[in-house]
Amino acid sequence: MKKEKAIALLILPTVLSVTLAIGAKELSEKKAIVTRIEAIEELAGVTILCSDKTGTLTENKLVIDKPTIIQYGDDVNADQIIQYAAYACNLENPDPIDECVTTTFGNADEIRKQIEILNFVPFDPENKRTEITYRQLSDNQVYRVTKGSADIILNLCTQNKTDEQEKKLKADVDEFAKRGLRSLAVAIDTAPKDGGSDEQSSSYKLIGLLPIMDPPREDTAETIRQALDLGVKVTMITGDQLEIAKETGRRIGLGDSMLIYSTLEEESSKNSTDIDEAILQADGFAAVTPEHKYDIVKRLQDLGHLVAMTGDGVNDAPALSKSNVGIAVASASDAARSAAAIVLTEPGLGVIIDAINGSRQIFQRMKTYSVYTCAVTIRILVAILNDGTIMTISKDRVIASAKPNHWNMFEIFSYAIVYGIYLALSTLVFFAVIVETNFFQTTFGVETFDKLPENGGYNSQILNSIIYLQVSTISQALIFVTRTPGFFFSQRPSLLVIGAFVITQTAATFIAVYVNSNERIGITGCGWTWAGIVWIWNIIWFIPLDLIKFCLQAIFAKSIHAIQPFNNRCRAFCRRSHRQVQESSSDNNYPTLENLLKQTSNLERSTDENDFLLTKFDEFSMTGANFYSFYTEPLDKLKLSSMAHLRNRKGSAAKSMK
């Protein structure tokens, strides 16, 4: 008995370690490098993702928002305005604005092929503009083009200038500012044939206003929808201005309920505002400092959420350490990478969502193993043949859950106890039918087993072989029930798991059928008739296991709606439907985590009429959990060590903040 307990104790952390190690390798293939192995488990349970804006939600480069370009006059279009602005760019030593204009124009080599440069004035912080004088090769006409700050350009414009035009330009600039867009004015003028530059005699004509922005990544809006489908709220945290944060939130479908954290703190102290509720409801935060990031993470954690935080700078290290899962983005500094639990090798929010999906798949494998092992341990101590199938769980084909994951040991033990008792009952009933009735003997013509005269018991080596095969096959088959919340056939296992089951149970069947009489192991071959009886008996007892699983799901969720026999197919259909609804909805109808949580709550809410039954069931399950805690001690140690490590990091982060 002690030897078997030691084996069980050894197998448990081994399988979990293998599963986590293989999972870490899979995450690395998704461009997420795990630096702290327990972060995989924590990432599976994340409910709020605090994401920085620049480079993660956006492209981290300036571009011209072409649909928003404003034209002043009918003689030029948007593309011509960009072309004139490109003429006035410094191509040899471009600044970010020049790069923005030339990138929007297209091929930089084509910009000045049709002109001859006569004079170029680069950007000057005092003048706040650039200017080019050139000869158009097609008609030999000389022109002067300038681009720069709107008020500076407006002062140079005298052609067709009216009070109405001046008011319109200022109103357009203000509107761009409210939306977080920078303004770049463009004007053109004819010049003397010699190309001289005389500002006093210039008569520029305003032709356009270019809006400049850091655009969202192409996949950001869809990725945020995927995050909401997974029950993860995305909160944008940026140091940019409030208007820029709001405009970005609108464009990516996140929402424009953005707050300035310092202002929120002041209002809370003056008006007793519920700052925690405001933080939870906000779509994002602007003008954020590293200290604010730390406080936001702490408050969300105090509300019971598991928080993931992205960061890239040295000052982000305390917030990364404080969060449950610190994520260093692709461009992060060494200090941020050291403080993070996961390091991304590619930019974008999609990498993080892929990592969350991957971690949930890994968690499902670990949960499958835990329920399976505890049930088999209750049924019978782990046998050597079981280990082969157990190890293949680390490579099983699983689908990530639709909700954040966490360890619920009470639930795991409850499932294990019920499964274990049911499997034990299948063996006891089978044994009773063999020795207390003549059903199998009269139906299949097999031998009868007589009682021993001295004690009235049974000591037949053939009977031992029969029971061995029955225990082995029904125990191994349990894995196909525990690995999916729906019917066992609703989700195909990996070929590795199927192969391991087929090989081990084929071996067990041949052993039970052909083994020679052996006093040492106490079994003798039972023949193919008894082997067929065992397989048929186990198939009959295997089918109700799914029904037992559905009953347990309803009990723990306290709702019949928790039963989803075809869970994966239903989830796929719901995701497609949700995506269609999102695409057909207006830009202002953004999905929120609160709505999703309300829907989930409505499904899972039920009356308390079964409280007494549930209480007794809880007491029974806890008794079993305490009795078998010896076998699952490594799980507890893993969890406790993770929590202790997290507390130490929180303490060190707090000291560094001070």
Side-chain angles (χ1 to χ4, degrees), residues 53-54 57-74 76-86 88-89 94-105 123 125 127-130 145-157 160-188 204-217 220-221 236 238-260 283-287 587-588:
K53 177 184 75 70
T54 305
L57 301 178
T58 64
E59 295 280 0
N60 193 22
K61 62 181 181 182
L62 298 177
V63 298
I64 295 173
D65 188 23
K66 295 182 69 173
T68 319
I69 293 176
I70 297 178
Q71 306 167 32
Y72 299 95
D74 300 328
V76 291
N77 56 37
D79 290 333
Q80 290 175 319
I81 295 172
I82 295 174
Q83 182 178 17
Y84 287 131
C89 289
D95 60 20
I97 298 296
D98 291 337
E99 289 182 348
C100 163
V101 174
T102 56
T103 300
T104 305
F105 177 80
F123 180 81
N127 294 332
K128 297 182 179 179
R129 69 185 183 93
T130 63
V145 174
T146 184
K147 66 172 176 61
S149 176
D151 55 342
I152 299 296
I153 300 300
L154 182 62
N155 291 334
L156 297 175
C157 295
N160 304 327
K161 183 177 181 180
T162 62
D163 291 341
E164 182 180 352
Q165 184 189 64
E166 187 173 351
K167 291 179 180 178
K168 184 178 186 319
L169 176 64
K170 292 181 178 179
D172 292 337
V173 171
D174 290 341
E175 178 61 25
F176 281 176
K178 291 178 181 178
R179 297 175 54 186
L181 304 174
R182 300 173 65 177
S183 302
L184 183 69
V186 183
I188 190 171
Y204 279 105
K205 179 177 70 172
L206 182 67
I207 59 174
L209 190 67
L210 302 178
I212 297 177
M213 61 174 294
D214 179 11
R217 302 179 66 86
T220 297
M236 181 170 66
T238 178
D240 289 341
Q241 298 174 346
L242 180 62
E243 292 77 11
I244 295 177
K246 287 184 176 181
E247 179 65 16
T248 302
R250 284 191 288 264
R251 287 175 178 265
I252 64 179
L254 186 62
D256 57 1
S257 177
M258 304 290 171
L259 303 175
I260 297 178
D283 296 321
F285 299 89
D587 291 338
N588 293 327

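Atoms considered below: every heavy atom in the structure, side chains included; atoms not considered: hydrogens, waters and symmetry mates. Predicted model only: the values in this text are computed from it and were never measured.
Put simply, CZ on F123 and CG on D95 are 7.0 Å apart, with the number rounded to the nearest 0.5 Å. Atom CG of N77 sits about 9.0 Å away from atom CD1 of I82, to the nearest 0.5 Å. Remark: T146 OG1 to I188 CD1 distance equals 11.0 Å, nearest 0.5 Å. Taken from CD in Q83 to CD in Q80, the straight-line distance is 7.0 Å, to the nearest 0.5 Å. Expressed to the nearest 0.5 Å, how far CG of L254 lies from OG1 of T220 amounts to 10.0 Å. Atoms CG and CG, on L169 and D174 in that order, are 9.5 Å from each other to the nearest 0.5 Å.
Inter-residue side-chain proximity for I69 and P211 is flagged as met; some heavy-atom pair is nearer than 4.5 Å. Residues L154 and K161 meet the side-chain proximity criterion, which asks for heavy atoms closer than 4.5 Å. Considering only heavy atoms from C-beta on, L184 comes within 4.5 Å of V101 through its side chain. Annotation: side chain of I153 is in contact with side chain of L206 (closest heavy-atom distance under 4.5 Å). Side-chain contact between T68 and M213 is absent, with no heavy-atom pair separated by less than 4.5 Å. Side-chain contact check for V76 versus Y84: some heavy-atom pair is nearer than 4.5 Å.
Here the closest heavy-atom approach between residue I81 and residue L210 is recorded as CG2-CD2, 3.6 Å. The nearest pair of heavy atoms linking T104 to I64 is OG1-N, 3.4 Å. Of all non-hydrogen atoms in P216 and R251, the two that sit nearest each other are CG-CB, 3.8 Å. Nearest approach of N127 to I152, heavy atoms of both residues: O-CG2, 3.2 Å. When every heavy atom of M236 is checked against every heavy atom of A245, the shortest pair comes out as CE-O, 3.2 Å. In plain terms, the two heavy atoms of A150 and V173 that are nearest each other are CB-CG2, 3.6 Å.
Legend: residues meeting side-chain hydrogen bond (donor to acceptor under 3.5 Å, both in side chains) with E99, ordered by chain and number and at least two apart, are absent. For D172, the side-chain hydrogen bond (donor to acceptor under 3.5 Å, both in side chains) partners at least two apart in sequence or on another chain are Y72, K168. K147 pairs by the side-chain hydrogen bond (donor to acceptor under 3.5 Å, both in side chains) definition with D98, T130, not counting sequence neighbours.
With salt bridges taken as basic N to acidic carboxylate O contacts below 4.0 Å, one links K66 and D79.
In this structure, the side chain of N60 does not engage the main chain of T54 through any donor-acceptor pair within 3.5 Å. The backbone N or O of D151 lies less than 3.5 Å from a partner atom in the side chain of N155, making a donor-acceptor pair. The main-chain N or O of I212 is never found under 3.5 Å from a side-chain atom of D65 such that the two would form a donor-acceptor pair.
When the shell of 6.0 Å around CD of Q241 is examined, it contains 12 or fewer heavy atoms from other residues, nucleotides or ligands.
Under the salt bridge (Lys or Arg N to Asp or Glu O under 4.0 Å) test applied with D240, the options K53, K246, R182 reduce to a single match, K53.
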